[in-house]
Amino acid sequence: MSPPRPATAAAADAPTRPRLKIVALGNAASPHDRTRTAVFAGLGHEVSLISIDATEVPGVELIRVPGGEGSRGPWRRIALLLGTIRAVL
């Protein structure tokens with residue numbers, strides 16, 4: 001039995017797969033959120049990340065929640081986040 005092939009080689013041999021549009025809600029400053037969204041972008045999917053932080057993620061469209069920084073209360077931030085999500089969808 002041959003050893004398993006790397007995922008990239010398997011993806012190259014696979015029939016054409018549909019491209020997904022993925023919108024993630026997270027913090028672009030988080031290593032976890034950056035790597036997970038970058039993996040899906042690397043697989044050829046269209047990935048957007050809604051975040052209060054402006055850290056760029058290669059291959060991922062960053063949708064920044066306005067007013068994420070500063071001394072605004074948590075309810076105001078939630079309202080701004082919901083408005084951003086509605087605009088994306």
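Bear in mind that the values here come from a model prediction, so they are computed numbers and not experimental data.
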request  = Output every pair passing side-chain hydrogen bond (donor to acceptor under 3.5 Å, both in side chains) with a member in residues 49-58, not counting sequence neighbours, ordered by first then second residue.
outcome  = Asp53-Thr55

Return all side-chain donor-acceptor pairs below 3.5 angstrom for residues 43-50, not counting sequence neighbours, or 'none' if the list is empty.
residue, atom, partner, partner atom, Å
His45, ND1, Leu20, N, 3.0
Ser48, OG, Glu61, OE1, 2.8

request  = Give every residue pair that meets the salt bridge (Lys or Arg N to Asp or Glu O under 4.0 Å) criterion with at least one member in residues 80-89, sequence neighbours excluded.
outcome  = none

query = Among pairs that include at least one residue of residues 26-40, which meet salt bridge (Lys or Arg N to Asp or Glu O under 4.0 Å), considering only residues two or more places apart or in two chains?
reply = none

task = Could you list the residues that satisfy side chain to side chain contact (heavy atoms under 4.5 Å, CB included) with Ala38, not counting sequence neighbours?
result = Val57

task = Could you pull out all residues at least two apart from Ser30 that satisfy side chain to side chain donor-acceptor pair (under 3.5 Å)?
result = none

